[in-house]
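Following: one structure in structure tokens, then a few remarks.
Numbers here are sequence positions counted from 1. Just follow the structure's listing: the first ligand is 1, and inside any ligand the first atom is 1.
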Amino acid sequence: MTEAKKRVLSGIQPTSDSFHLGNYVGAVKNWITMQEENDAFYCVVDLHSLTVEQDPTLLRKRTLTSVAQLLALGLDPEKCTLFVQSQVPAHNQLAWIMECVTGFGEASRMTQFKDKSQKNGNDRTVVGLFTYPMLMAADILLYQTNFVPVGEDQRQHVELTRDLATRFNSKYGKSFVVPEPYIMKATAKIYDLQDPTSKMSKSADSASGLIDLLDTPEVNTKKIKSAVTDTGREILFDETNKAGISNLLTIHSALSGKSISELENEFAGKGYGDFKGAVAEVVVETLRPVRDKTNELLSDGNHLASVLKQGAEKASEVADATVKHVYEVLGLIPRA
Ligand code: ATP
Ligand code: LTN
């Protein structure tokens with residue numbers, strides 16, 4: 001007898017014109033691997049992106065570009081369910097329920113909220129930024145998810161989701177699978193090329209340390225060749241003393257499939273210049289077909305629309321069943 005497939009769910013925000021290398025290596029690469037043996041659901045979380053003011057025209061464009069990039073990177077709609085969060089209303093329905101089981105104190109402890117609200121100031125922080133993790137919990141719990149592939153920065157949100165699921169189950173009877181974060185230690189955090197102690201992020205102050213998947217080979221090569229390193233000359237993995245080189249080793253290894261020690265051997269006796277050239281080449285060659293394929297997909301709006309229609313239908317089926325059960329156990333009366 002074959003074992004039932006495990007459920008996988010993850011999401012990514014459509015908040016920039018291109019995903020960056022951290023998103024790919026830290027998260028989406030695992031999504032692609034996991035679609036093979038699991039029942040995987042992946043969503044572009046457009047509702048989450050509204051926690052920061054968005055220009056409507058740009059949001060529409062970025063949502064479609066996100067979907068196109070995910071397909072270009074290797075998600076296959078025959079193997080996984082790819083959808084846009086706002087097209088499945090169950091996400092909002094369960095989010096409210098999650099808000100009603102989350103303590104104000106526990107929500108206040110979310111470090112992402114603390115960091116982002118502090119950065120923006122009280123007057124420019126919306127309540128949605130505070131309730132963001134409860135919407136994320138809904139995203140996950142609706143699908144009876146076993147594994148959530150994310151980068152390290154999302155671990156706390158998945159832990160909160162686990163607490164909420166456990167609490168709900170013990171009060172109202174088993175309603176949710178308690179999910180586990182799926183975080184690959186080696187690639188959980190890709191660092192900024194100019195500041196190899198902070199994570200590569202689209203909200204960084206400067207774009208010079210950020211590799212955009214859709215940027216030109218010339219721009220990306222230049223950024224890698226200007227990456228900050230140390231004053232030594234050896235190519236060794238040492239995150240404390242050689243943060244920049246270690247980050248480049250992680251990137252090369254993730255994209256080329258060679259292990260870190262293989263790379264250390266290959267570049268023994270060679271200089272930083274040679275090594276950076278090799279990293280640039282691996283990155284550029286990995287991204288070239290992704291860029292071409294994304295543009296090709298974007299030129300066929302009908303295809304994207306049909307992928308999303310099919311995705312939303314499949315997602316709704318599973319998600320609506322969870323909401324129906326949850327409403328019932330809470331004592332909400334179904335519409336006649
Ligand atoms: P921001 O930094 O502006 O908050 P982001 O770049 O983290 O945004 P998200 O859409 O929030 O982008 O994240 C998508 C996925 O990429 C998440 O699973 C997140 O953990 C992962 N991720 C983001 N940045 C990195 C990084 N530097 N290294 C590894 N994983 C990352
Ligand atoms: N908060 C996540 C995006 C996200 C997500 C999810 C990830 C929203 N819903 C559900 C995993 C599962 C982030 O990457 N910033």
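- At least one N or O atom of Gln154, backbone or side chain, sits closer than 3.5 Å to an N or O atom of ligand 2.
- Close contacts between ligand 2 and Gln13 involve ligand atoms 15 (N) [criterion: under 4.0 Å to a heavy atom].
- Counting only heavy atoms of the protein, atom 6 (C) of ligand 2 lies nearest to Met136 CG, 3.5 Å.
- Look at Glu152 and Arg155 and you find a salt bridge, because one of the NZ, NE, NH1 or NH2 atoms lies within 4.0 Å of a carboxylate O, short of that distance.
- With respect to Glu317 and Lys314, no salt bridge is recorded, no charged nitrogen being found less than 4.0 Å from a carboxylate O.
- Taking any N or O of Tyr132, backbone or side chain, at least one lies under 3.5 Å from an N or O belonging to ligand 2.
- Using a cutoff of 4.0 Å between basic side-chain nitrogens and carboxylate oxygens, Glu106 and Arg167 are scored as salt-bridged.
- Contacts of Val148 with ligand 2, taken as heavy-atom pairs under 4.0 Å, involve the side chain alone.
- Ring-plane geometry between His91 and Phe83 is classed as tilted, the angle between the planes lying from 30 to 60 degrees on a 0 to 90 degree scale.
- Of the possible donor and acceptor atoms, one in the side chain of Gln156 sits under 3.5 Å from a partner among the backbone N and O of Thr111.
- Looking at Lys309 and Glu313, a side-chain N of the basic residue comes within less than 4.0 Å of a carboxylate O on the acidic one, giving a salt bridge.
- Residue Val45 approaches ligand 2 through these ligand atoms, each under 4.0 Å from one of its heavy atoms: 8 (C), 9 (N).
- Under 4.0 Å from ligand 2, not a single heavy atom of Gln85 appears.
- Every atom of ligand 2 is numbered from 1 in the order shown, and the set under 4.0 Å from a heavy atom of Ser10 is 7 (C), 11 (C), 12 (C).
- At a heavy-atom cutoff of 4.0 Å, ligand 1 is surrounded by Ile12, Gln13, His20, Gly22, Asn23, Gly26, Ala27, Lys116, Val150, Gly151, Asp153, Gln154, Thr187, Ala188, Lys189, Ile190, Lys199, Met200, Ser201, Lys202, Ser203.
- Under 4.0 angstrom from ligand 2, the non-hydrogen atoms of Ile140 all belong to its side chain.
- Close approach to Val150 involves these atoms of ligand 2, each under 4.0 Å from a residue heavy atom: 7 (C), 11 (C).
- The pair Asp39-Lys6 fails the salt-bridge criterion, with no side-chain N (NZ, NE, NH1 or NH2) lying under 4.0 Å from an Asp/Glu carboxylate O.
- Ligand 2 has no atom lying under 4.0 Å from any heavy atom of Ile12.
- For ligand 2 and His48, the ligand atoms under 4.0 Å from any heavy atom of the residue are 8 (C), 9 (N).
- Summarising the geometry of Ala312 relative to Gln87, their closest heavy-atom pair is CB-OE1, 4.0 Å, with the distance given to 0.1 Å.
- The shortest distance between side-chain heavy atoms of Lys116 and Thr51 does not fall below 4.5 Å.
- No hydrogens or angles considered: nothing links the side chains of Ser206 and Gln194 as a donor-acceptor pair under 3.5 Å.
- Shown here for Arg62 and Pro14, the closest heavy-atom pair between the two residues is CB-O, 3.5 Å.
- At least one N/O-N/O distance between Asp139 and ligand 2 falls below 3.5 Å.
- Shortest contact from atom 3 (C) of ligand 2 to any protein heavy atom: Gly11 O, 3.6 Å.
- Relative ring orientation between His252 and Phe275 is described as parallel, the plane-to-plane angle staying below 30° on a 0-90° scale split at 30° and 60°.
- The closest side-chain donor-acceptor pair between Tyr272 and Asp230 falls under 3.5 angstrom.
- Those atoms of ligand 2 that come under 4.0 Å of a heavy atom in Leu9, given as number and element, are 10 (C), 12 (C).
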